[in-house]
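Step one of this worksheet: look at the structure below.
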Protein chains: 2
Amino acid sequence: MTGGTAPHPTGDELLRILAALGNPHRLRIVAALTEGGRNYVSRLARELGIGRPLLHMHLQRLEAAGLVAGSLEQAADGKAVKYFEVTPFAFALTPEAVAQAAATITQEEKETVKETAK
Amino acid sequence: MTGGTAPHPTGDELLRILAALGNPHRLRIVAALTEGGRNYVSRLARELGIGRPLLHMHLQRLEAAGLVAGSLEQAADGKAVKYFEVTPFAFALTPEAVAQAAATITQEEKETVKETAK
DNA sequence: GGCACCTGTCAAAGAGAACTGACACATCTC
DNA sequence: GAGATGTGTCAGTTCTCTTTGACAGGTGCC
C-alpha cells in the first residue's frame, strides 16, 4: 500500500499546500493534530493559545489544501462538535518535483474583472 | 554523501523554505533554473516576464531559504554577471516531519511588551 | 431563566508581502 | 560621448494576509 512518496500534484495544488504550511500557526496546528490526534476547534484553540475565529480561518486554509479534514459530529450529550484530524499526506520536495508542478500553474488571470461594469 | 531524503530542518528553516516556495513566481523561478540550468538575473527576468527589482527580491528570498545559490562572476568581456542555480534540496513533507519541525519553532516573541504598562 | 459550552460569520483594523519606477554604478562597443 | 548591456537599491504604493472583537445560532444543566 502506501502509494509511495510524492504523487503528482498540480501546480495550483502544490502551491496551496506550500502556502498553507508556510505559516507558524498552521504548521503548529498540523503538528498538534498529528501528535495529539483528532481534536475539536474550541479545545485546540485553547491548547494553542489563539482565538477561535483565527484558528477557524487557519483550519479552513489547511482543509482547502487537503492537509486536514474536519467533520461536524454529535457529542453524546447532544452538543455539536467539529473534529479535525490530519490527512496522511506525503510529498517529496525536490527541484524536479517543483519543476514538474510549476508547468501546470494556472495563471490566475487576476483580471480585476470590471467586466463592462454596467 | 547526499544525505538521502529529508534531513531534519529546524522549524524556522522549514518555515522559511515552505514560505519561499509557496508563491507562484518563486515556484516558477526554481522550475526555470532547474530545467534551464544556471542563469543570470536580467536574462531570467526577461524569460519570466517580470521586472528585475521584483525578481531580485524573490531570488533573495529563495537564497535565504537555501534553495538557490548565486555567484557574481566576471564574463569574458569583463562585465559583471550574477548567476543563480538551484541547490539540490530534498525534503519529505509528511505530518511527522511537520510535527518534528514545529517543535523547534522560535516563538518570535512578538513582544509588544508593554509590561507594567503604567 | 441564566450560565456554560459548542458552532459559525462578519467587519474593521493592523501587519507584512508584493510590485513598480527611478535612481546610481560599472563595462564594452560604436 | 551616446547607447546597450549588466549590477544593485531605495521609496512609495498596492495588495493580500493576519488578527481581533462582536455578533448570530445551538444544546444541556442547575
Side-chain angles (χ1 to χ4, degrees), chain A residues 12 15-29 38-65 68-84 105 107-114, chain B residues 12 15-29 38-65 68-84 105 107-114:
Chain A
D12 300 292
L15 218 39
R16 210 181 337 239
I17 292 170
L18 293 172
L21 289 177
N23 174 291
H25 280 169
R26 291 194 285 265
L27 208 60
R28 258 200 216 92
I29 292 172
R38 47 187 285 138
N39 201 348
Y40 62 93
V41 188
S42 291
R43 202 155 110 83
L44 226 195
R46 246 175 278 128
E47 296 181 358
L48 292 176
I50 66 180
R52 263 69 50 74
L54 185 55
L55 176 59
H56 188 270
M57 193 220 78
H58 284 312
L59 281 172
Q60 222 167 299
R61 231 175 158 65
L62 287 170
E63 188 170 34
V68 304
S71 70
L72 185 58
E73 302 179 10
Q74 206 73 226
D77 57 344
K79 301 218 188 127
V81 187
K82 183 143 192 184
Y83 280 94
F84 272 93
I105 290 182
Q107 185 46 31
E108 279 303 339
E109 316 286 356
K110 50 180 53 186
E111 14 194 314
T112 11
V113 193
K114 25 186 47 181
Chain B
D12 300 291
L15 218 38
R16 209 180 339 239
I17 293 170
L18 293 171
L21 290 177
N23 174 293
H25 280 169
R26 291 194 286 265
L27 208 59
R28 256 200 218 93
I29 292 172
R38 47 187 285 139
N39 201 347
Y40 62 93
V41 188
S42 291
R43 201 155 110 82
L44 226 194
R46 247 175 279 129
E47 295 181 0
L48 293 176
I50 66 181
R52 264 68 52 73
L54 185 55
L55 175 60
H56 189 269
M57 192 218 81
H58 285 312
L59 282 172
Q60 222 168 301
R61 230 174 159 66
L62 287 170
E63 188 170 33
V68 305
S71 70
L72 186 59
E73 302 179 9
Q74 207 72 226
D77 57 344
K79 302 221 188 123
V81 187
K82 183 142 192 186
Y83 280 93
F84 273 92
I105 290 182
Q107 185 45 31
E108 280 303 340
E109 318 286 353
K110 48 181 54 181
E111 15 195 320
T112 12
V113 192
K114 25 184 50 181

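Proteins come first, then strands; the chains are lettered A, B, ... in the order of their sequence lines, and each starts at number 1.
Atoms CG (A:Leu15) and C1' (C:dA17) sit 15 Å apart, rounded to a whole Å. Between B:Leu27 atom CG and C:dA18 atom C1' there is a gap of 16 Å when expressed in whole angstrom units. If you take CG of B:Asn39 and P of D:dT7, they are 10 Å apart, rounded to a whole angstrom. Distance NZ (B:Lys82) to C1' (C:dT27): 18 Å, rounded to an integer number of Å. D:dC17 atom P lies 16 Å from atom CG of A:Leu21, rounded to whole Å. Whole-Å rounding puts the A:Asn23 CG to D:dT16 P distance at 18 Å.
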Candidate pair B:Met57 and B:Arg26, rule side chain to side chain contact (heavy atoms under 4.5 Å, CB included), full reasoning: CA-CA 10 Å; B:Met57 192 218 81; B:Arg26 291 194 286 265; 4.1 Å; yes
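Going from atom CD1 of A:Ile29 over to atom CG of A:Leu55 covers 5.0 Å, rounded to the nearest 0.5 Å. Taking CG from A:Asp12 and CG from B:Leu27, the interatomic distance works out to 10.0 Å, rounded to the nearest 0.5 Å. Rounded to the nearest 0.5 Å, atoms CD (B:Gln60) and CZ (B:Phe84) are 8.0 Å apart.
Taking every heavy atom of both residues into account, B:Val81 and B:Ala75 meet most closely at CG2-CB, 3.9 Å. In terms of heavy-atom proximity, B:Leu18 sits nearest to A:Gly22 at CB-CA, 3.8 Å. Scanning all heavy atoms of the two residues, the minimum distance from A:Gly78 to A:Gln74 falls at O-OE1, 2.6 Å. Of all heavy-atom pairs spanning B:Pro24 and A:Leu15, the tightest one is CG-CD2, 3.7 Å.
The salt bridge (Lys or Arg N to Asp or Glu O under 4.0 Å) pairs that include a residue from residues 48-65 of chain B number zero, where partners must be two or more places apart or lie in different chains.
Scored by the ring pair (Phe, Tyr, Trp, His ring centres under 6.0 Å) test, B:His58 finds B:His25 as partners (sequence neighbours excluded). Legend: residues meeting ring pair (Phe, Tyr, Trp, His ring centres under 6.0 Å) with A:Tyr40, ordered by chain and number and at least two apart, are A:Tyr83.
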Annotated protein contacts, base or backbone, on nucleotides 24-30 of chain D with a non-hydrogen cut-off under 4.0 Å, one of B, S, - each: ---BS--
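For residues 50-60 of chain B, proximity to DNA chain C is found at B:Pro53, B:Leu54, B:Met57, B:His58, defined as any non-hydrogen atom under 4.0 angstrom from a strand atom. Near-neighbour residues of DNA chain D inside residues 40-49 of chain B, defined by a heavy atom below 4.0 Å, number-ordered: B:Tyr40, B:Val41, B:Ser42, B:Arg46.
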